[in-house]
Protein chains: 2
Amino acid sequence: MEKVITIKEIAKRLNISPSSVSRALSNHKSIGLKTKTDVQRLAKELNYEPNQTAIFFQQRKTFTIGVILPSLSEEFFSSAISGIEDLANENKYTVLMGQSHDDVEREKQLVDTMKNHRVDGLIISISKNTEDYSHFEAIKKFGIPVVFFDRVPDLKDIHYVWCNIISGTTQAYNFLKELGHQSIGMINGPTNLLASKERVEGYKNALIQSNLNFDPSLIVSCNLSTKDVFKATEELLNNTNKPTAIIAFNDYVLLDAAKAAAKMKLKINKDISFVSFAHLPICHYAAHPPLASVDQFSYKQGKSAMEIMLQLLAKDRNENNESYIKIIIEPKLIVLDNTID
Amino acid sequence: MEKVITIKEIAKRLNISPSSVSRALSNHKSIGLKTKTDVQRLAKELNYEPNQTAIFFQQRKTFTIGVILPSLSEEFFSSAISGIEDLANENKYTVLMGQSHDDVEREKQLVDTMKNHRVDGLIISISKNTEDYSHFEAIKKFGIPVVFFDRVPDLKDIHYVWCNIISGTTQAYNFLKELGHQSIGMINGPTNLLASKERVEGYKNALIQSNLNFDPSLIVSCNLSTKDVFKATEELLNNTNKPTAIIAFNDYVLLDAAKAAAKMKLKINKDISFVSFAHLPICHYAAHPPLASVDQFSYKQGKSAMEIMLQLLAKDRNENNESYIKIIIEPKLIVLDNTID
DNA sequence: ATTAAATACACAAACGTTTGTGTGATATTT
DNA sequence: AAATATCACACAAACGTTTGTGTATTTAAT
């Protein structure tokens, strides 16, 4: 544990002032060539490392982006954070990460921590139970820009990245319809999520396009837990208007739903077919893969969120930012090659 | 964007000194009751938030733990980081996260960033290609403790958490042997990884226990990519001493290996059986699940790494820490219930 | 030769907080 | 009543860096 080298120390050893050392290191023109090389040589020799905490403090900027998401174990989010991180790193930013685990209290506490750490910005995908948004207001008032992605609150005055679930669901529906399915069910997510609302909207849109009537019993909601998915699947399959195909909220839901269907002695892809959302790698290894999965481009969503953030960061803090940046990403239905290999 | 409230500002408004405000806020005994309540009331009213960057700087402590891992998309690591984060949060620490993507240069750069950010400690699972450890030496010299986990360099003078792969592999071998398998192959990972070396050791141990001879052709290495796994699988299955069971480096390798075997018209779990490592949830949904998977308790590994870190952080920085903490976690072979449902 | 401009540096303040020390005013002890 | 202890606060320094301003010395321009 050697003594940590500071600018002051270098200054003392060379008998010059700290300000000159600072300027020499940053190649300021007002420093003479000899002094410059002297300083730079000694700095390297002593293994000088600038104390970022001092710089952060002095510059009122931490080059840190807070990222809060529900859970990294969902591949969607781990992929999204990669998008954020990659772009962040390219721009000298680092990621301060926190998982809410869909716990509102923890989310609030994390926002608070981020605020105290003086992150330069916050990118967040909210917990599925979050309905009070005051903690975001608080951090915004503090001058820290907030960008939402994927799990976005239903508010007007926010920046966000959002995948066009409506069109994705319509695509999914039409895909199944063209395969000849007449009765198409849907296992949806928690009703308070915009993601769920838009799936319903996309579903209905497809019906309207085809001049079909809406049967509410074909859509069931669940809280995404395995148990609830099982229940939802059974409910759908026992429905009087029994679907021959189901649109699952995402790939995880699909896996459980297919399992449930198999347990009911149904042949997957024969008696009952599935389409889901996310298009995770697991689709290619699953016992019961979906016919297709709607790719929501998680990496791109993360990257886009960071793009918005960089724009906001470039802005003058005092500008009146009455405008909000919203990026809509078009999802893509990926038909899987399920030639069982 | 209101003016940010500082201690100085509060002091000015109350006509007292900043030091008194500071002490009042931290409930120092030398401050009178009236002043204390006055300060605390005004602080709340003005929405005062302590500037952590200033505190970090002043206290030479950031309450931030750097975590570098190869890739969050591997569930093993996303689970491990959850273990780290949970324990960190309980102790007022936050996680600064970075992914190396198995790129040595990026790993080095991340270590450097962490160093500059003055993280209080670094927890890392190294890239699979890392063979030069000088960047870790550098950050250690800087007084920042480093704890390794799972992907650990083969060095003596380090703190680490490590899963007893040797015993795990022996367990896996014996499990297959008791099922009657005579010729058991192994698809191993990159040879420079300790994880790979120990798998070989565990494999050999099992042989010795059973008084069997070692056939080197039954172990093939791969770089974990899908393509390489396919190649390795084919090599094993075309071997003159053809295995009836294969121990895969991990569940991802298993998925590709099973796919490769299926492509070769082999019946999984009949012509060829698998055991793997990690025991990811995907095992329960896979088209070709392994008979068993060795759980390496990733969450626990992460948590243990953070435990070591907390111990190191509690130590006096100037103590001579010639002792190194090593935690070995016993893995557990989980036999899967593959009654196809 | 005189003045102006450029060079190369030093000085000092500031960022917001914590903490050691100093100091009057009460309160307590003898 | 004098000496001492306690209280409640103010003052100042420090953490390491950046940056605006001041100032000798040198160089260039007239």
Side-chain angles (χ1 to χ4, degrees), chain A residues 2-40 42-43 46-64 92 115-120 142-143 317, chain B residues 2-40 42-43 46-64 92 115-120 142-143 317:
Chain A
E2 295 104 60
K3 192 181 170 192
V4 175
I5 303 299
T6 69
I7 281 192
K8 284 184 183 177
E9 178 67 20
I10 295 179
K12 201 187 291 176
R13 297 207 194 194
L14 291 175
N15 246 311
I16 57 179
S17 83
S19 58
S20 295
V21 175
S22 172
R23 289 189 164 103
L25 288 171
S26 57
N27 240 309
H28 195 278
K29 60 180 176 175
S30 83
I31 301 296
L33 186 60
K34 178 178 168 3
T35 320
K36 238 179 220 176
T37 52
D38 278 3
V39 168
Q40 286 169 358
L42 186 59
L46 296 179
N47 241 306
Y48 166 74
E49 293 275 352
N51 184 336
Q52 294 286 4
T53 66
I55 299 177
F56 293 160
F57 168 52
Q58 205 259 2
Q59 314 254 297
R60 281 163 227 75
K61 182 150 168 80
T62 59
F63 278 99
T64 302
K92 309 283 170 209
K115 188 170 58 180
N116 282 344
H117 271 256
R118 294 292 196 273
V119 294
D120 292 335
F142 219 78
R317 283 210 161 207
Chain B
E2 295 103 62
K3 190 181 172 193
V4 174
I5 303 297
T6 70
I7 280 192
K8 284 185 183 176
E9 178 67 19
I10 295 179
K12 199 186 290 174
R13 298 208 192 194
L14 290 175
N15 245 311
I16 58 180
S17 82
S19 58
S20 295
V21 175
S22 172
R23 288 188 165 103
L25 288 171
S26 58
N27 239 310
H28 195 278
K29 61 181 175 181
S30 82
I31 301 297
L33 187 60
K34 180 177 168 2
T35 321
K36 239 180 220 175
T37 52
D38 279 2
V39 168
Q40 287 168 357
L42 186 60
L46 296 180
N47 242 306
Y48 166 74
E49 294 275 351
N51 184 335
Q52 293 286 3
T53 65
I55 299 178
F56 293 159
F57 168 52
Q58 205 259 1
Q59 314 252 296
R60 282 162 226 75
K61 184 153 167 77
T62 59
F63 277 99
T64 303
K92 310 283 169 210
K115 188 169 61 180
N116 282 345
H117 271 256
R118 294 293 196 273
V119 294
D120 293 334
F142 219 76
R317 282 211 160 204

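In what follows, every chain begins at residue 1, and chains take the letters A, B, ... in the order their sequences are listed. What you are looking at is a predicted structure, and each value in this text was computed from that prediction instead of being measured.
Here the P atom of nucleotide D:dC9 and the CD1 atom of B:Ile7 are 16 Å apart, to the nearest Å. As rounded to whole Å, 5 Å separates atom P of D:dT18 from atom CD1 of A:Ile55. Regarding B:Lys61, its NZ atom lies at a distance of 17 Å from the C1' atom of C:dT17, rounded to whole Å. Taking atom CD on A:Glu9 and atom P on D:dT17, their separation rounds to 11 Å, with Å as the unit. Distance CD1 (A:Ile16) to P (D:dT23): 21 Å, rounded to an integer number of Å.
Non-hydrogen atoms lying under 4.0 Å from DNA chain C are contributed by nothing in residues 26-39 of chain B.
A donor-acceptor pair under 3.5 Å links the side-chain atoms of B:Thr37 to the main chain of B:Leu33, judged by distance alone.
No side-chain heavy atom of B:Ile5 sits less than 4.5 Å from a side-chain heavy atom of B:Asn47.
A close approach under 4.0 Å does not occur between any side-chain nitrogen or oxygen of B:Tyr48 and OP1 or OP2 of C:dG16.
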> Could you walk me through whether A:Leu42 and A:Arg13 pass the side-chain contact (heavy atoms from CB on, under 4.5 Å) check?
Replying inline: CA-CA 9 Å; A:Leu42 186 59; A:Arg13 297 207 194 194; 4.0 Å; yes
>> Using the rule given for side-chain contact (heavy atoms from CB on, under 4.5 Å), can you reason through B:Val4 versus A:Arg60, listing the C-alpha separation, both sets of side-chain angles and the distance that settles it, and then say yes or no?
In response: CA-CA 12 Å; B:Val4 174; A:Arg60 281 163 227 75; over 6 Å; no
> Between B:Asn51 and B:Thr6, is a side-chain contact (heavy atoms from CB on, under 4.5 Å) present by the stated rule, with each step listed?
Replying inline: CA-CA 8 Å; B:Asn51 184 335; B:Thr6 70; over 6 Å; no
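One finds the CG atom of B:Asn116 at 8.0 Å from the CD1 atom of A:Ile55 (value rounded to the nearest 0.5 Å). Within the model, atoms OH of B:Tyr48 and CD1 of B:Ile7 stand 3.5 Å from one another, a figure rounded to the nearest 0.5 Å. If you take CD1 on B:Ile10 and CG on B:Asp38, they are separated by 11.5 Å, rounding to the nearest 0.5 Å.
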Polar atoms only, N or O, under 3.5 Å: list the protein pairs with nucleotides 11-15 of chain C and their distances.
| residue | atom | partner | partner atom | Å |
| --- | --- | --- | --- | --- |
| C:dC11 | N4 | A:Ser19 | OG | 2.7 |
| C:dC15 | OP2 | B:Lys8 | NZ | 3.4 |
| C:dC15 | O4' | A:Arg60 | NH2 | 3.2 |

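More than 12 non-hydrogen atoms from other residues, nucleotides or ligands lie less than 6.0 angstrom from NZ of A:Lys61.
With pairs defined as Watson-Crick or G-U wobble and both atom distances under 3.5 Å, the stems of at least three pairs that touch DNA chain D come out as C:1-30 with D:1-30.
Between the side chains of A:Ser30 and A:His28, at least one donor N or O lies within less than 3.5 Å of an accepting N or O.
What you find for A:Thr62 and A:Arg118 is that their closest heavy atoms are OG1-O, 2.8 Å.
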